[in-house]
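What follows is a single structure, written as structure tokens, with notes after it.
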Amino acid sequence: MNRTWWKETVVYQVYWRSFFDSDGDGYGDLEGVIQKLDYIQDLGAGVIWLNPCYESPDVDNGYDISDYYSVMEKAGDMNTLERLIRETHRRGMKLMMDVVLNHTSDQHPWFIDARSSKQSKYRDYYIWRDKPNNWRSYFTPSAWEFDEATEQYYFHSFAVQQPDLNWDNPELRQEMYRMLRFWLDKGVDGFRLDAIALLAKQENFPDSDEPENLSYLTNNPKLHDYLREMNEEVFSKYDIFTVGEAGFTTPEQGLLYVDERRRELNTIFHFQVLDEMPTWDLRRFQTIQTNWYETLKGRGWNSQFLNNHDHTRLVTRYGDDTRYRAESAKAFATMIHTLPGVPYIYQGEEIGMTGVRFDSIDDYHDVAMKNKYYEEVGKGHDPKDVFESLVKLSRDNSRTPMQWSSALNAGFSTGTPWIKVNPNYTSVNVEEDLKRPDSIYRYYQALIRLRKQYGVIVYGDFATIPYSDADVYVYTRRLGTERILVIVNFSLYEKRLAPIAEIALDKAQLLIGNYPEVAQPDTFRPFEARVYHLA
Ligand code: NOJ
């Protein structure tokens with residue numbers, strides 16, 4: 001496949017409101033991102049994905065946009081954003097904006113006007129019906145909200161305050177393309193396209209036999225017409241990188257987005273791992289990887305990630321966040337950075353930040369969690385049980401402030417942080433990590449350097465080596481005569497490996513490993529990961 005800069009890069013995701021607060025108001029901000037750019041650059045990341053910072057009432061932390069052309073006050077202002085773009089470029093990195101095309105805020109002037117009258121010029125920018133169907137939304141029991149003024153229901157895939165846009169309307173589509181061009185002309189280098197699989201709706205909204213399974217919201221006819229048009233009108237005119245968020249997407253459906261010949265998106269995030277694997281299951285993971293690899297092979301590119309601002313921290317969910325925190329963080333990193341696809345690092349992952357547990361629902365902010373909590377309690381379920389059932393996967397697990405040091409508020413803010421800091425910040429923080437000889441941050445640096453040095457890690461063919469132990473992942477990447485071998489023990493126990501496909505580990509060149517020395521090449525300690533060069 002063609003070589004391009006974005007296939008070779010590593011993306012670092014900045015959830016700015018929890019990254020670094022430069023002015024003491026308790027919210028991270030764009031100036032704070034600028035002040036920490038060297039930290040991101042030193043890590044080796046090539047692209048920053050910036051979560052939405054547009055004007056917004058902030059019901060869903062910026063994913064409810066009320067003005068696509070301005071910056072929300074908490075984040076800063078347009079000048080600071082322009083400076084952030086320049087400063088990012090000055091360091092040889094690129095900046096990807098997160099853009100929400102599926103819905104706006106109910107405070108967007110279009111929606112305010114649209115709901116004022118059936119004759120509004122913007123009425124058809126949204127979706128109105130006389131009767132709701134039985135669909136749920138991601139955040140509420142019904143995807144429809146009755147609007148008193150005009151006595152119709154409007155459609156919302158997420159919160160009531162996030163009305164879905166009507167992509168069938170060509171004027172709306174042109175408005176969106178104009179907006180995308182506005183940002184590209186400012187110099188941004190691409191987009192993370194929020195909820196992109198939801199743009200097209202099912203004709204006539206038929207009732208579902210299984211309303212709890214929200215897959216009816218995604219991958220509907222016409223979606224790819226919109227994406228092709230968007231590409232033709234916007235993306236194809238710039239040298240940029242796009243990644244679409246595509247929940248409920250199978251490899252076959254995924255190929256439709258990323259097949260290079262189809263000219264739609266460069267990559268997507270599919271959620272087969274995060275949505276289908278609440279706990280670690282290597283066999284399942286292997287199957288998902290292999291299916292995606294085989295389906296996209298030679299035609300489209302994949303993404304690799306195990307957490308983000310919606311999915312709890314990987315060491316807590318899939319690794320071990322106590323005794324083997326550092327080893328498991330590095331084991332997963334080794335895998336993410338050597339599997340085929342663009343690797344993503346979610347802020348704090350590079351120091352092994354963990355999930356959190358607050359005592360009360362009042363300490364949580366996540367609209368998805370809170371709505372669900374009140375919905376279930378409203379049905380008469382025991383509040384304690386409901387709380388327990390939601391804590392583990394609450395999106396706030398990964399939204400706590402970045403832990404820079406053991407100073408007040410983890411060095412994140414001199415004010416009161418908008419969300420509580422994870423109490424383990426006194427030991428888990430950037431300063432502490434960098435003091436350690438086995439620093440996780442430095443291990444990420446080394447992995448990223450390897451990717452730059454060995455084209456085989458980016459472009460090589462991928463093959464799993466079948467191995468009998470259900471906790472050990474063994475695979476190779478091959479490009480021409482060059483071959484690397486990756487072995488990861490995803491268990492809390494030491495494993496003595498049987499010979500693997502006649503490879504003599506003691507003769508292979510060890511490129512990186514997450515334990516200081518390898519005394520016995522065939523013995524893998526808990527969460528031990530190694531990458532060998534076999535050329
Ligand atoms: C996906 C975003 O990542 C999430 O944070 C948001 O709540 C929904 N889309 C709605 O925009």
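Remember, it's 1-based here, ligands and their atoms both numbered in the order they're listed. FYI, side chains are in, hydrogens and waters are out, and symmetry mates aren't considered; it's all heavy atoms of this structure.
Close contacts between ligand 1 and Arg399 involve ligand atoms 5 (O) [criterion: under 4.0 Å to a heavy atom]. Contact atoms of ligand 1 toward Asp310: 1 (C), 2 (C), 3 (O), 4 (C), 5 (O) (distance under 4.0 Å to a heavy atom of the residue). In summary, the atoms of ligand 1 found under 4.0 Å from a heavy atom of His103, numbered by their order in the structure, are 10 (C), 11 (O). Ligand-side atoms of ligand 1 in range of Glu245: 1 (C), 3 (O), 9 (N), range being under 4.0 angstrom from any heavy atom. Near His309, meaning under 4.0 Å from any of its heavy atoms, are these atoms of ligand 1: 2 (C), 3 (O), 4 (C), 5 (O). Less than 4.0 angstrom separates some heavy atom of Arg395 from each of these atoms of ligand 1: 4 (C), 5 (O), 6 (C), 7 (O). Less than 4.0 angstrom separates some heavy atom of Asp60 from each of these atoms of ligand 1: 6 (C), 7 (O), 8 (C), 10 (C), 11 (O).
Here His311 has no heavy atoms under 4.0 Å from ligand 1, in either its backbone or its side chain. At a heavy-atom cutoff of 4.0 Å, ligand 1 is contacted by the side chain of Phe139 but not by its backbone.
Of all protein heavy atoms, the one lying nearest to atom 1 (C) of ligand 1 is Asp194 OD1, 2.8 Å. In terms of protein heavy-atom proximity, atom 8 (C) of ligand 1 is closest to Phe158 CE2, 3.7 Å.
Remark: Arg115 engages Asp147 in a salt bridge (charged side-chain N to carboxylate O under 4.0 Å, His left out) (not counting sequence neighbours).
Checking side-chain atoms of Thr88 against main-chain N and O of Leu84 turns up a donor-acceptor pair under 3.5 Å.
Residues Gln35 and Phe20 meet the side-chain proximity criterion, which asks for heavy atoms closer than 4.5 Å.
Remark: the Gln289 side chain and the Gln304 side chain contain an N/O donor-acceptor pair separated by less than 3.5 Å. Side-chain atoms of Asn307 and Ser398 include no donor-acceptor pair closer than 3.5 Å. No side-chain N or O of Asp106 forms a donor-acceptor pair with one of Gln162 less than 3.5 Å apart.
A distance below 6.0 Å separates the ring centres of Phe241 and Trp6.
Closest of all the heavy-atom pairs between Val188 and Ile85 is CG1-CD1, 3.7 Å.
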